[in-house]
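First the proteins, then the strands, lettered A, B, ... as listed; each starts at 1.
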Amino acid sequence: MSKITKPSAERIIKSGVISHPVEAVPHLAGKLIFFYEWCKKCGLCVAICPTGALEENEDKQPYMAHPDKCTYCSLCWRICPDFAIVKNQNWREGENGTK
Amino acid sequence: MGTQLSEIHEYLRWRKRFPTVWCAGCGDGTIMGAILRAIHDLQMPQDSIAFISGIGCSSRMPIYLDFNTLHTTHGRALPFATGVKLVRPDMNVIVVSGDGDALAIGGNHFIHTCRRNIDITMVLINNSIYGMTGGQVAPTTPIGAIAHTMPYGNIDPPFDAVELSLAAGATFVARSTTYNIIQTTNYIKKALQHKGFSFVEIISQCPVLYGRLNGMPDPVDMLLWQKEVAVPLSKAKKMSPEELEGKITTGIFRDEIRPEYTEQVYALSEKLQEKSED
Amino acid sequence: MALNRTTSDGHPVRFVQGNEAVVLGALHSGCRFFGGYPITPSTEIAEGMARELPKVGGVFIQMEDEIASIASIIGASAAGAKSMTATSGPGFSLMQENLGFAYITQLPIVIVNVQRGGPSTGLPTKLAQSDTMQARWGTHGDYTAVVLAASSVQESYEATIRAFELAEKLSTPVIVLLDELIGHMREKLILRMKKDIKEIRRPFPKVPPEWYFPYDIPNDYTAHPAPFGEGFRYSITGLVHDRTGFPTSVPSEVIERLDALREKIITHRKEIWNWKEYEVTDAKYLIVAYGSAARAARGAVAILRKKRIKAGFLELKSIWPFPDGPLMSAAKQAKYVFVAENNMGQLIHAVRENIRHTINVIPINRYDGHPLEPEQIVYFIKEEVYGHSTV
């Protein structure tokens, strides 16, 4: 019987089960990572963002248009029904957003 | 740096295909996230969780989650959960159910499980329609709303699930919406910690069926509708019935302690066993 | 429990109803969960469980209906407990959908159906055997049922113990058929000694969670879902599923699953089969029956043998999967096979289907709520033997 080993986080992502995250493009680097292969383009994150930091690109995918406007309020990655938005490493906890 | 995963990816069954089967903008995924974040915040061990559902869109949730999961028959999640909890009172038993599953076919089990006050946390995802079967009227569909089995406007007066659970004796009752996602997460956390039957109703959106049939085809429209109709309990108390027309009160309606069912059952058997020894 | 005497070799003896014997059988099998709903004529089982289970650290719960009752015992089984319910016709009908859930999820449960007159409310305080086919085909879809039967108070005790053994061993629901007569009458019951009750429990997985396939298909086809809370976090679902327990609609996996569910029972049919032969070796007239009809059949054979008519009787103590082997061997010499039933003819279909050599299979039916009597069976057989009943 084959051993079902649970792969590391990276392998999970690379194996396409959780698709490849958008490579953090420098100017977008910072607060969020988007998994576009999980994103169903429902638009909820952009709509709920209180400061308009997120916008939709021409493929209707969300991206951090105005990083400075982002107040780490966490609404975008909480509302996302498909867990396609993830806090990046340098997400400053609790600045005035929640953990 | 390792690729960052959110704290809830840990709970997903990585062998399942993601993204989930739910339609774009459906509230089920948001609520699944809220439940997982509540479990994460409470540091509940995955082995201690029994995650049980019935049949319907929202009831597909347990299959994605790395817990002891039971995807049962339509409307019957609560009695299955009662059996699990009575045998393993040490486990955290969570039931997820849609408004059709819990209040229509499952209505009888719902009121009796509330009555017993057994330590189970029930999350009712109320999208006011039967989603899985393609948009039929539900016991929560508002009067006049369109559904595929009410093509001329719904004439069935809907239930208020919160009133129903209060009357039936649930000891923790709350309602929130997917729009107030932080409040929803906190209510679920409180419900998980509550000793006794805790019921959290979450007004959720079904853009593809309920939304499209009732003038809100875009998920964002439905989210804004929730924002507009939701009224906190504290404010609602000061509003007249006319003002409350079409509104949905959110908040914690009851949070009290009553004897918990499994404790009663095991206290009785301990007493009887002591008696038979001496 | 009335007279607490013991036999000469120390076995406890009781004088109890069939329903009470079921309770004792369940307790001695290690049953620690009962979820039920009152219904004549099985209520004494629920009452007995309500009295006895708390004393042994077990759980009794009266649920809001029979659908919830069987749901609760399946949940209890998923959590690792030996669990059972008891009902009668109307409740048995309500339980069918969740029974199907237990078949596909392979969770062991025991359901005792104390049959009463049907259909519908029927004859609540009268006996019948008219749920025989429902016990086999009651729920929807293709599946293979395991159904045992009892024709005495002692048998009610033994059949319940056998039911739990088979349920745990094959990880399947097992149905035990009684009827109102067996359930309510009192007879002597000799209990097993504590020391010789070896409790059979479903095997615990021998592999760590990472290697664990809950619905693997070994060569004896028995899958054993691990109890909840032990680190084997897998998916139990009523959807057709693959070996990991995740839903599938891939044709090959669907066939594999449905075949496995059938083979699991069919390959173990010889362990499930249970019967008793009465003077069959030279029997020209063979009676086949179960439950209370079996009691009359034994009497009929005695009467007929006195009249030097070569009658014999095959008592079925297990009905499904149908014991075709024992039937064929018992009917070797038979010219006629009479199927005596307290219904309008149900078991007879299985007998006709499984009698492979040409033989007359004749029904003897009584369905007025009263038990068949030996003289009635004798009358039918003499009709065949002499063409009419002279004496």
Side-chain angles (χ1 to χ4, degrees), chain B residues 13 15-17 45-53 55 59-60 62-91 93 105-106 108-109 111-113 115-116 118 261-262 265-273 275-276, chain C residues 32-35 50-83 85 97-102 105 107 109 209 225-239 241-242 244-247:
Chain B
R13 280 180 165 147
R15 267 199 264 118
K16 280 298 293 174
R17 250 196 327 277
Q46 286 173 258
D47 285 341
S48 78
I49 293 171
F51 207 102
I52 298 166
S53 68
I55 295 290
S59 288
R60 290 303 294 256
I63 293 171
Y64 291 109
L65 301 180
D66 188 9
F67 301 125
N68 303 278
T69 65
L70 199 50
H71 174 225
T72 69
T73 44
H74 192 33
R76 319 301 175 186
L78 284 171
F80 275 92
T82 301
V84 172
K85 183 68 184 182
L86 281 166
V87 171
R88 289 296 301 263
D90 57 314
M91 289 185 78
V93 177
I105 187 168
N108 189 30
H109 310 306
I111 53 175
H112 287 276
T113 313
R115 167 176 70 90
R116 288 194 195 93
I118 186 167
Y261 193 76
T262 49
V265 168
Y266 282 93
L268 169 67
S269 72
E270 259 132 42
K271 201 175 71 197
L272 286 172
Q273 280 170 300
K275 220 175 70 187
S276 69
Chain C
R32 287 299 173 270
F33 188 93
F34 182 94
R51 248 192 344 270
E52 299 305 325
L53 271 176
K55 292 182 192 164
V56 293
V59 173
F60 166 85
I61 182 166
Q62 179 172 312
M63 295 297 281
E64 50 270 22
D65 55 36
E66 285 91 350
I67 300 169
S69 299
I70 187 166
S72 70
I73 68 170
I74 297 172
S77 178
K82 286 188 173 189
S83 60
T85 186
E97 185 193 358
N98 281 340
L99 178 58
F101 182 86
T105 56
L107 288 167
I109 54 171
F228 273 10
E230 306 297 335
F232 299 90
R233 299 186 300 271
Y234 61 95
S235 153
I236 297 178
T237 176
L239 289 164
H241 44 260
D242 58 26
T244 61
F246 289 137

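The candidate from B/His109, B/His74, B/Gln46 with the greatest count of non-hydrogen atom pairs under 4.5 Å with chain C is B/His109. The greatest number of non-hydrogen atom pairs below 4.5 Å with chain C, out of B/Ile63, B/Asp90, B/Thr82, B/Ile55, is found for B/Ile63. Most heavy-atom pairs under 4.5 Å with chain C: of the set B/Thr262, B/Leu268, B/Asn108, this distinction falls to B/Asn108.
Proximity to chain B (any heavy atom under 4.5 Å) is restricted, for C/Phe246, to the side chain, taken from C-beta onward. There is no contact between B/Glu270 and chain C, counting heavy-atom distances below 4.5 Å. With a 4.5 Å cut-off on non-hydrogen atoms, B/Arg116 touches chain C through its side chain but not through its backbone. Neither the backbone nor the side chain of B/Phe51 comes within contact range of chain C; no heavy atoms are under 4.5 Å apart.
A distance of 9.0 Å separates CD in C/Glu230 from CG in B/Asn68, rounded to the nearest 0.5 Å. The CE atom of C/Met63 sits 9.0 Å away from the CG atom of B/Leu78 when rounded to the nearest 0.5 Å. One finds the CG atom of B/Leu70 at 8.0 Å from the OG1 atom of C/Thr105 (value rounded to the nearest 0.5 Å). Taken to the nearest 0.5 Å, the CD1 atom of C/Ile70 stands 8.0 Å off from the CZ atom of B/Phe80.
Residue B/His71 comes nearest to C/Phe101 through the heavy atom pair O-CE1, 3.2 Å, listed as atom of the first residue, atom of the second, then distance. Nearest heavy-atom pair across C/Ser235 and B/Thr69 is CA-OG1, 3.2 Å. Counting all heavy atoms, side chain and backbone alike, C/Pro54 lies closest to B/Leu272 at CB-CD1, 3.3 Å. Minimum interatomic distance between B/Asp47 and C/Gly231 (heavy atoms only, all atoms of both residues): OD1-CA, 3.3 Å. Residues B/Arg60 and C/Pro247 share a closest heavy-atom pair of NH2-CG, 3.9 Å.
A donor-acceptor pair is defined here as one N or O able to donate and one able to accept, closer than 3.5 Å; such a pair exists between the side chain of B/Arg88 and the backbone of C/Phe228. A side-chain donor-acceptor contact under 3.5 Å links B/Arg13 to the backbone of C/Tyr234.
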